[in-house]
Amino acid sequence: MTGEALVRVLHTSDIHIGLHEKLEPPEDHKPLIALEAVINYAIETKVDLLLIAGDFFDNNRVKEPLINAGIEQLGRLNVPTVILPGNHDSLVPNSIYHKSDFQHRADLVEIITEPDGERFQFDHLNLSVWGRPHVSHDDFSPLTSPPAKGTMKWNFGIAHGHYVHSPADWGRAYPILPKEISEANLDYIALGHWDIFHAISQGPVQAYYSGSPLTSQSCALIKLKNDALSVEKIALKLPND
Ligand SMILES: [Mn+2]
């Protein structure tokens with residue numbers, strides 16, 4: 001008897017398309033080059049799912065050529081992508097995700113939009129992804145009241161916020177507490193907001209910041225095989241400046 005097939009999930013965050021937007025062709029825009037490196041890696045290594053844990057866009061005023069170029073990059077991928085809106089690309093009324101017809105133009109892209117949290121299920125991977133999006137500029141706790149354990153074998157979370165690791169951190173916005181991670185009923189939490197790769201697993205739950213492909217040029221790769229979940233840091237190849 002052979003084991004189950006290996007499932008591979010690529011986790012990125014904080015790409016910040018539109019950061020310091022200038023009058024330049026979209027292909028010269030550094031965040032877009034970083035996104036292209038992520039998509040290249042995902043295609044070359046045949047990942048099964050891409051998770052973008054917030055701040056895909058730098059702001060909601062990004063102009064159309066860059067939005068279109070970002071959607072075009074996502075459209076190169078033949079596997080599902082889940083995008084969680086972060087504090088920079090929150091679901092305010094004029095959000096890019098509302099105004100750009102995003103999902104019709106990149107049809108394997110799922111955007112988490114339910115303010116109280118939403119779970120997408122991928123039956124062919126026996127995997128679900130739950131997250132709570134940023135919907136305004138107000139503070140909120142991304143991992144408060146996650147749902148009961150899902151019915152898929154693998155239940156992932158996706159969250160954009162600040163891991164509160166010491167009392168001095170308590171005043172920070174979008175807090176994520178150690179207890180919220182350990183009690184989340186999730187197997188893995190894909191985190192965004194910090195731009196460096198960082199492991200903050202708690203109890204039975206593995207949780208990582210992937211780092212930003214733009215600044216730390218890293219991603220997290222999650223491998224699922226039989227009952228084992230392992231995580232590795234990926235160093236992306238970006239063209240030289
Ligand atoms: Mn952020």
Side-chain angles (χ1 to χ4, degrees), residues 10-21 29-35 37-38 50-62 66-67 70 73-74 81-98 100 102 109-118 129-144 146 156-166 168-178 180-181 184 188-200 207-220 233 236:
L10 189 63
H11 158 202
T12 185
S13 76
D14 300 272
I15 300 171
H16 287 278
I17 291 171
L19 179 70
H20 308 315
E21 188 169 7
H29 184 63
K30 285 198 176 122
L32 201 67
I33 293 168
L35 172 62
V38 173
L50 175 65
L51 303 178
I52 303 178
D55 294 357
F56 181 65
F57 292 107
D58 183 66
N59 60 74
N60 277 313
R61 302 173 307 280
V62 176
L66 279 185
I67 297 173
Q73 285 300 325
L74 294 175
T81 296
V82 177
I83 297 180
L84 176 79
N87 60 307
H88 280 261
D89 52 355
S90 60
L91 292 170
V92 291
N94 70 340
S95 157
I96 289 173
Y97 300 113
H98 294 319
S100 66
F102 213 89
V109 176
E110 307 284 4
I111 297 166
I112 294 185
T113 57
E114 284 299 321
D116 292 332
E118 186 171 3
V129 181
W130 174 86
R132 184 189 287 256
H134 288 243
V135 295
S136 74
H137 298 299
D138 293 341
D139 195 10
F140 87 118
S141 294
L143 279 183
T144 299
F156 278 35
I158 183 168
H160 189 88
H162 181 82
Y163 180 59
V164 176
H165 50 90
S166 77
D169 259 11
W170 183 240
R172 298 289 298 259
Y174 326 121
I176 293 173
L177 307 181
E180 291 176 325
I181 293 174
Y188 178 83
I189 304 176
L191 295 165
H193 195 48
W194 290 5
D195 68 354
I196 50 161
F197 182 92
H198 206 87
I200 55 164
Y208 284 75
Y209 285 96
S210 59
S212 164
L214 183 63
T215 52
S216 67
Q217 307 188 348
S218 62
C219 279
K233 179 181 177 177
L236 293 167

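Counting starts at 1 for both ligands and their atoms, in listed order. Because only heavy atoms are used, hydrogens play no part in the values below, and waters and symmetry mates are left out as well, while side chains stay in.
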inquiry  = Could you identify the N, O or S atom of Asp55 positioned closest to the Mn ion (ligand 1)?
reply    = OD2
query = By atom name, which N, O or S atom of His193 is the nearest to the Mn ion (ligand 1)?
reply = ND1
ask   = Side-chain donor-acceptor pair under 3.5 Å between Tyr163 and His198, yes or no?
value = no
inquiry  = Please give the atom name: the N, O or S atom of His160 nearest to the Mn ion (ligand 1).
reply    = NE2
ask   = Under the side-chain contact (heavy atoms from CB on, under 4.5 Å) criterion, do Val38 and Leu50 qualify, and how do the steps go?
value = CA-CA 9 Å; Val38 173; Leu50 175 65; 4.1 Å; yes
message = Strictly under 2.8 Å, is the Mn ion (ligand 1) approached by any N, O or S atom of Asn87?
response = yes
task = May I ask you to decide if the ring planes of Trp194 and His165 are parallel, tilted or perpendicular, using 30° and 60° as cut-offs?
result = perpendicular
Which atom of Arg132 lies closest to which atom of Thr144, heavy atoms considered = NH2-O, 2.7 Å
